[in-house]
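So the structure is just underneath, and the comments pick up after that.
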Protein chains: 2
Amino acid sequence: MTRPPIRIVLADDERMVRTALRAILSAEPDLEVVGEAATGAEAVSVVREARPDVALMDVRMPGTDGIRATEQILAVLPEPPRIVVVTTFENDSYVYDALRAGAAGFLLKRADADTLVRAVRLVAHSDTLLFPSAVRALAAEHARANPAPPAWVARLTGREGEVLRLMATGLTNAEIARSMGVGPATVKTHVASVLAKTGSRDRTQAVVRAYEAGFMNGR
Amino acid sequence: MTRPPIRIVLADDERMVRTALRAILSAEPDLEVVGEAATGAEAVSVVREARPDVALMDVRMPGTDGIRATEQILAVLPEPPRIVVVTTFENDSYVYDALRAGAAGFLLKRADADTLVRAVRLVAHSDTLLFPSAVRALAAEHARANPAPPAWVARLTGREGEVLRLMATGLTNAEIARSMGVGPATVKTHVASVLAKTGSRDRTQAVVRAYEAGFMNGR
DNA sequence: ATCCCGCTCCGCCGCACGGGGGAGGACCGC
DNA sequence: GCGGTCCTCCCCCGTGCGGCGGAGCGGGAT
């Protein structure tokens, strides 16, 4: 069962990293590096030209980063490569973005050569492997849970934001006033502004908007 | 580089499934089925005896299901096997539970033999593979985003639940009444019950509770 | 047959809330 | 200096909301 070699594109802004990766991967007979890129934009065009099976994509790159490049590749190409996103720290928020962008895999730079090779073979050969729709669903849920905040969030002034947060904990105007150390009339003014800017008629609607907008994420 | 064979335990309540899995896996020289179990409890004891490298765990089993068995195995054994959870439908809520329980992999029953074998080799050989802490973090976030609903959720009657959902979209009592096809007085009664059962004084507080309790997950 | 519960309504009352005004002071940029 | 924004606070008024008590009706349990 001899398969054609796995075609790989490397995208990393540091030449040394690319060289190291190429050395590791080229040592395997079934792997073949067919292109390199130093920027996100370059990665997109190189992938479009070389049509690899797998792309190793660094997150931090000048210009368009690896995440955006991943999005663009998956959006543009009809049969995109499996994209493995590479980063240094595992607890990066990049992880979520990478999965959401459609990355097939996620790899740490500190990974040893064996792990790297195995990961490449894995994503290349598997149509749907270990975490098929599961990860996708989790990432989608993450996206649903952390949507892009609406425009009105930015328009809220500092005080109005405070008031909205307190509103969204179920406090009355009087309680908010005490909590903020101002008069009730002031709170009423801020509440009115919040209602206007959020397009709500109720404080209840404003609270709903706050939650739906992810404004209350983090207490 | 000849390694010792990968020791595998199969846990599935259907004998035919176990037989089929054993047939597929035994055909590979580097795989060895060292035990079978038909229930979750049995799986725990068999794994404890046989000390396999990998356990294929069906979710639906009489008594303790695969998820609980996974939890117990990982909690009890010092060097637990890599557990691959097997189920029929990929959009099961089991997926989240499996990942949260600490399953190393997730496999669909419709997977072909090649995928199955590859998955087993994969989880067996990899200390930390493609989605190391990423999946764990996502699953943890899922757990945080979907906490166990408070007791009052169960106490709500059907109508009260409907009213709460409509409240939590920012509707007034009159609008809820129209939306439900009942009189405003009826809605007031239900609202009062909801406030009492949720321990809220406001409709606003009730809405907050609804969101915090994950009551509004899914629009 | 009885009780309990859920769903459906009614009236009355007090009040926090929201709308519509206005006003003064602090800060910033042109 | 002057306009703009933000924060602060005031009054009046209408009303949606929530608390209280009561009532009829149907179904399931005992």
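What you see below is based on every heavy atom in this structure, not just the backbone, and it leaves out hydrogens, waters and symmetry mates.
Checking side-chain atoms of A:Arg209 against main-chain N and O of A:Gly199 turns up a donor-acceptor pair under 3.5 Å.
Using cut-offs of 30° and 60° for the angle between ring planes, the A:Trp152 and A:Phe215 rings count as tilted.
At a threshold of 4.5 Å between non-hydrogen side-chain atoms, the residues B:Ile73 and B:Ile83 count as touching. B:Asn173 has its side chain within reach of B:Arg203: a pair of non-hydrogen atoms, C-beta onward, lies under 4.5 Å apart. With contacts defined as side-chain heavy-atom distances shorter than 4.5 Å, the pair A:Ile176/A:Met167 qualifies.
Between B:Ala185 and B:Gly158, it is B:Gly158 whose nearest contact on DNA chain C lies nearer the 5' terminus.
Looking at A:Arg201 and B:Glu175, a side-chain N of the basic residue comes within less than 4.0 Å of a carboxylate O on the acidic one, giving a salt bridge. Between A:Arg165 and A:Glu162 there is no salt bridge, since no side-chain N of the basic residue sits under 4.0 Å from a carboxylate O of the acidic one.
Distance, B:Arg155 CZ to C:dC5 P: 13 Å, rounded to whole Å. One atom, CD1 of A:Ile176, and another, C1' of D:dT8, lie 16 Å apart when rounded to the nearest Å. Atom CD of B:Glu160 and atom C1' of C:dG6 are 8 Å apart (whole Å). Rounded to an integer number of Å, the gap from A:Leu156 CG to D:dC7 C1' is 15 Å. Computed from coordinates, the B:Lys197 NZ to C:dC7 C1' distance equals 12 Å when rounded to whole Å. For B:Gln205 and D:dG18, the CD to P distance is 11 Å, given to the nearest whole Å.
For D:dC6, the OP1/OP2 oxygens have no side-chain nitrogen or oxygen of A:His190 closer than 4.0 Å. Remark: B:Thr186 is not in phosphate contact with C:dC7, judged by side-chain N or O atoms under 4.0 Å from OP1 or OP2. For D:dC7, the OP1/OP2 oxygens have a side-chain nitrogen or oxygen of A:Thr157 closer than 4.0 Å.
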**Request:** Classify every nucleotide of nucleotides 25-30 of chain D by which part a protein heavy atom approaches to under 4.0 Å, writing B for the base, S for the sugar-phosphate alone and - for neither, in 5'-to-3' order.
**Result:** ------

**Message:** For nucleotides 12-30 of chain C, give me one character per nucleotide, 5' to 3': B if any protein heavy atom sits under 4.0 Å from the base, S if the only such contacts are to the sugar-phosphate, - if neither.
**Reply:** -----SBB-----------

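For the side-chain contact (heavy atoms from CB on, under 4.5 Å) test with A:Leu10, the passing option among A:Leu56, A:Asp58, A:Val46, A:Thr19 is A:Leu56; the others fail.
Around CZ of A:Arg22, the count of heavy atoms belonging to other residues, nucleotides or ligands within 6.0 Å exceeds 12.
Summary for the helix from C:dA1-D:dT30 to C:dC30-D:dG1: the axes at its two ends, each from 5 pairs, differ by 50° when rounded to the nearest 10 degrees.
Considering CG of B:Asp13 and CD of B:Glu42, their distance stands at 11.0 Å, rounded to 0.5 Å. A distance of 13.0 Å separates OG1 of B:Thr198 from CD of B:Glu212, quoted to the nearest 0.5 Å.
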